[in-house]
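Below is one structure, written out as structure tokens; comments come after it.
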Amino acid sequence: MADTKQRYRWSYEPQEDQEYQKALEALESARLQKPAYQGQYDAQAKSLYDRLQNREAFRYDIDADALYRQYRDQYTALGSRAMEDTMGRAQAMTGGYANSYAQTAGQQAYESYLGKLNDAIPELYSQALERYRQEGSDLEDRYRRTLEQGEQEYDRHKDALDSYRKDLSFLQSQADQAYQRGYQSYLDGYKMMGDAYTRLAELIKKGYTPTAEELEQAGMTAAQAAALRK
């Protein structure tokens, strides 16, 4: 009985308020769920940016051009064949003997194909330059798309963070309200018991003998009641 009265005399104990403690647990659990920004496109965007900034200026290396080497092998083979055919025909005209005319004619036929190879170089240069430009354009497009994806990811993170903060605000409000309800319940109980104590004390002074239940409800001990009778 004395414990009941003392509980109201001391103070409101929030750690004993189950509703308030449950609200605090929900708040703490939600606080641990804070969304983290991954930035999964940041490294990729930086890599693409560095490639764009450090890209070498266009330089046409004819020996490194696979298409030129293909043309070179093709025209060299055709030139060699034409030289052999021309020399063969020239030798046939002179009775099958090799002579300077046959050699000159064969060399001219060979050089004719090498001339065709040289004629193809400007076109090969243009094609290489166009590939270089297209590669740069493709790299810029990839960089822009990666930036856009990064911005979209950041926007999603901001939305998630806003939702997280709203949830925390709501749960904090719920906890505050639970605390206020508990504290108000304590005040109401304290007042009610104080009133009960006062009423019972007046009755005891007039000779009334309270029951154990009445003493408990008023937060009064048997010793306190006995002292009031004197």
Side-chain angles (χ1 to χ4, degrees), residues 30-169:
R31 185 176 285 115
L32 296 176
Q33 303 303 316
K34 183 178 182 179
Y37 176 60
Q38 302 297 326
Q40 58 179 328
Y41 296 100
D42 293 353
Q44 184 180 353
K46 183 180 184 305
S47 175
L48 291 170
Y49 177 79
D50 290 342
R51 286 174 60 185
L52 281 169
Q53 293 298 308
N54 299 323
R55 193 165 184 248
E56 293 183 357
F58 175 73
R59 182 176 64 86
Y60 183 58
D61 184 355
I62 193 170
D63 294 324
D65 188 342
L67 187 57
Y68 169 78
R69 293 196 300 270
Q70 180 181 340
Y71 275 37
R72 181 190 62 194
D73 294 343
Q74 179 182 354
Y75 281 119
T76 299
L78 291 173
S80 297
R81 187 181 305 166
M83 182 175 65
E84 292 174 0
D85 292 345
T86 301
M87 291 179 65
R89 287 194 298 272
Q91 290 173 2
M93 292 173 61
T94 59
Y97 295 99
N99 53 59
S100 60
Y101 169 74
Q103 292 178 351
T104 300
Q107 186 65 33
Q108 288 176 345
Y110 179 77
E111 291 178 354
S112 174
Y113 277 93
L114 292 185
K116 293 180 180 180
L117 174 61
N118 290 332
D119 291 341
I121 291 178
E123 178 61 25
L124 294 175
Y125 175 91
S126 296
Q127 292 179 13
L129 179 58
E130 179 59 27
R131 287 195 300 273
Y132 174 83
R133 289 171 176 169
Q134 187 61 50
E135 289 171 357
S137 178
D138 292 343
L139 193 59
E140 289 177 354
D141 288 342
R142 287 181 58 193
Y143 176 62
R144 282 195 295 268
R145 288 197 301 271
T146 302
L147 286 181
E148 290 173 357
Q149 289 172 320
E151 290 172 357
Q152 292 171 2
E153 180 194 16
Y154 183 69
D155 288 341
R156 290 193 296 270
H157 170 70
K158 287 200 303 182
D159 291 342
L161 198 58
D162 287 343
S163 179
Y164 164 80
R165 288 168 176 163
K166 288 178 182 178
D167 289 343
L168 284 189
S169 178

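Just so we're clear, the structure is a prediction, and the values are computed from it rather than from any experiment.
Annotation: the span from Arg145 atom CZ to Tyr41 atom OH amounts to 12.0 Å, rounded to 0.5 Å. The structure places CG of Leu147 at 9.5 Å from CD of Gln149, a figure rounded to the nearest 0.5 Å. Note that CD of Glu56 is 8.0 Å distant from OH of Tyr132, once rounded to the nearest 0.5 Å. The CZ atom of Arg165 sits 12.5 Å away from the CG atom of Asp167 when rounded to the nearest 0.5 Å. In this structure, Ser126 OG and Arg131 CZ are separated by 10.5 Å, a value rounded to the nearest 0.5 Å. Distance CG/Asp138 to CD/Gln134: 4.5 Å, rounded to 0.5 Å.
Side-chain contact between Tyr37 and Lys158: absent, with no pair of heavy atoms (C-beta onward) separated by less than 4.5 Å. Side-chain contact between Leu161 and Lys34 is present, with at least one heavy-atom pair separated by less than 4.5 Å. Residues Gln70 and Leu67 form a side-chain contact, since some pair of their non-hydrogen atoms from C-beta on lies under 4.5 Å apart. No side-chain heavy atom of Tyr125 sits less than 4.5 Å from a side-chain heavy atom of Tyr68.
Using cut-offs of 30° and 60° on the angle between ring planes, the pair His157 and Tyr154 is tilted.
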Next item on the list: Would you check, one step at a time, whether the test salt bridge (charged side-chain N to carboxylate O under 4.0 Å, His left out) holds for Lys46 with Asp42?
Entry: CA-CA 6 Å; Lys46 183 180 184 305; Asp42 293 353; over 6 Å; no
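Ion pair Asp159/Arg156 not flagged as a salt bridge, since none of the NZ, NE, NH1 or NH2 atoms sits closer than 4.0 Å to an Asp/Glu carboxylate oxygen. The existence of a salt bridge linking Lys166 and Asp162 is excluded, since no basic side-chain nitrogen approaches an acidic carboxylate oxygen closer than 4.0 Å.
In this structure, Tyr49 places its OH atom where only 12 or fewer heavy-atom neighbours from other residues, nucleotides or ligands lie under 6.0 Å away. A 6.0 Å sphere centred on OH of Tyr71 holds no more than 12 heavy atoms belonging to other residues, nucleotides or ligands.
For Thr146 (side chain) and Arg142 (main-chain N/O), a donor-acceptor pair under 3.5 Å exists by modelled atom type.
A cation-pi arrangement is not found for Arg51 relative to Tyr143, the charged atom failing to lie both closer than 6.0 Å to the ring centre and inside a 45° cone about the ring normal.
In this structure, a donor-acceptor pair under 3.5 Å is absent between the side chains of Gln152 and Glu148.
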